[in-house]
There are 2 protein chains.
Amino acid sequence: MPRRPLPLAEGPAERADAARNRQKVLNAAREVFASKPPDQVTMDDIARAAGVGRATLYRRYPSVAAVAEALLDEHESAIQHRILTGEGGFSPTRPPSERLWALYEALLELLDTHAALVLGSEIGRARYSTGAYGVWHTYVRSLLDEAGIEHSRTMADVLLAPLAADLFLHVRSRRNGRRQLAETLRRLAASVLDGR
Amino acid sequence: MPRRPLPLAEGPAERADAARNRQKVLNAAREVFASKPPDQVTMDDIARAAGVGRATLYRRYPSVAAVAEALLDEHESAIQHRILTGEGGFSPTRPPSERLWALYEALLELLDTHAALVLGSEIGRARYSTGAYGVWHTYVRSLLDEAGIEHSRTMADVLLAPLAADLFLHVRSRRNGRRQLAETLRRLAASVLDGR
DNA sequence: GTATAACCGGACATGCTGTCCACTTGTTGA
DNA sequence: TCAACAAGTGGACAGCATGTCCGGTTATAC
């Protein structure tokens, strides 16, 4: 979780009251996002729920999307860590198609529990401009390169497209949708990477 | 292009001034959408450009998205007509993978010339709730059923996901992106439907 | 030619955004 | 310990978009 806004080099430590407010904001935002559709969440909602003024909120987060992204960050980082260390199904010894499936599984799980946050983090900007998307994309691309697939950059975008939050919610709203999506993606991974 | 709003049974004919205004609105909207990002287009912009009052605009179109959809409608209808009549690559005698590719080609072409409108028609609601999406989905699903693919409903959503307008724009912004996307989708169609 | 209904456009109330500014509080250094 | 300074805070404000309402206007039917 990012501690301070932009100053990359460590400036003076964060003040105690600011840290306290950050937590208040994050906790309050969690509840707000749980209580109504993400596109209806306003900065005012979050500020009021946290018991702080609007300017205090804007000081750290420029938009509702930024708040959602901050909430999402720790969950996404956990997956990124697993990828880097090769834990779970991400071991480099496994074939690319299985590692792609491992990513699919992890992202489905993330969407299942935090779809509202993902949707919220995409308000007003494209999914592709978020930092997390870049990580997933880089990983998928490396798998495709390893398998010798052409146009890996584009194919990586195509293979990640079915994990858009709005599509996930649409499919999940159907009976057995969640399970069928998992099975379908597993077949897709095998289809594209193993040619079967 | 839908002539009147809701009254499905033909009521009294549309008044001449109303018809004139509809054309003014549609023409003006085309230019407005061409002049700025679709998510920045307001009802006020369109009304002013058309030289009509806001209420006049609201009378027929409840939102900016509805205006964009009206503009898009004739282009989408053209594709739907080709599907129904089996023109172009949609002949039922061709294998499903080739017909899926024909749909991909048609939709890529549509996005290429009207991406802003597609994006505009998705403002404030999911792509999946638009009428056009339902048509593409039904067609893809029938192709999958014909090929004996399981969970055809879900797979159809997955296969249409790469044609989301925002993904298209993202990929097209890269060098050769448009061409690579076409090739990639062609391979995807073959991969999934022909198992190669 | 008149009655009627559809149509029109400006005005209005509401809600959200992002910024500004005067006040408060924590932190640093003498 | 305490003063001085910087960071943090919250309410208020202006700007903008939305969606509706209503008095006036114009086309169509009789």
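Chain letters run A, B, ... following the sequence lines, proteins first and then strands; every chain starts at 1.
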Can you sort out the partners of B:R186 under salt bridge (Lys or Arg N to Asp or Glu O under 4.0 Å), two or more places apart, ordered by chain and number?
none
Hits for salt bridge (Lys or Arg N to Asp or Glu O under 4.0 Å) against B:K24, two or more places apart or cross-chain, chain-then-number order -> none
Short heteroatom pairs, N/O only, protein and nucleotides 15-17 of chain C, under 3.5 Å:
from: C:dT17; atom 1: OP2; to: A:M43; atom 2: N; distance (Å): 3.3

Whole-Å distance between C:dG9 C1' and B:R60 CZ?
14 Å
Would you kindly give the NZ-to-C1' distance between B:K24 and C:dC8, to the nearest whole Å?
10 Å
Sequence-distant partners of A:D112, side-chain hydrogen bond (donor to acceptor under 3.5 Å, both in side chains), two or more places apart:
A:R172, A:R178
Can you list everything that forms a salt bridge (Lys or Arg N to Asp or Glu O under 4.0 Å) with B:E146? Sequence neighbours excluded, please.
B:R99
Can A:E69 and A:S121 be counted as having a side-chain donor-acceptor contact under 3.5 angstrom?
no
Determine the contact category for B:G124: base if any of its heavy atoms lies under 4.0 Å from a base atom, sugar-phosphate if only primed atoms, P, OP1 or OP2 are that close, otherwise nothing.
nothing
Whole Å only: how far is the CG atom of A:L57 from the P atom of D:dG10?
10 Å
Does a side-chain N or O from A:T56 land closer than 4.0 Å to OP1 or OP2 of D:dG8, or not?
no
Quick check for you: among D:dA7, C:dC7, D:dG10, whose closest atom lies nearest to any side-chain atom of A:R59?
D:dA7
Partner residues of A:D145 under the salt bridge (Lys or Arg N to Asp or Glu O under 4.0 Å) criterion, sequence neighbours left out
none
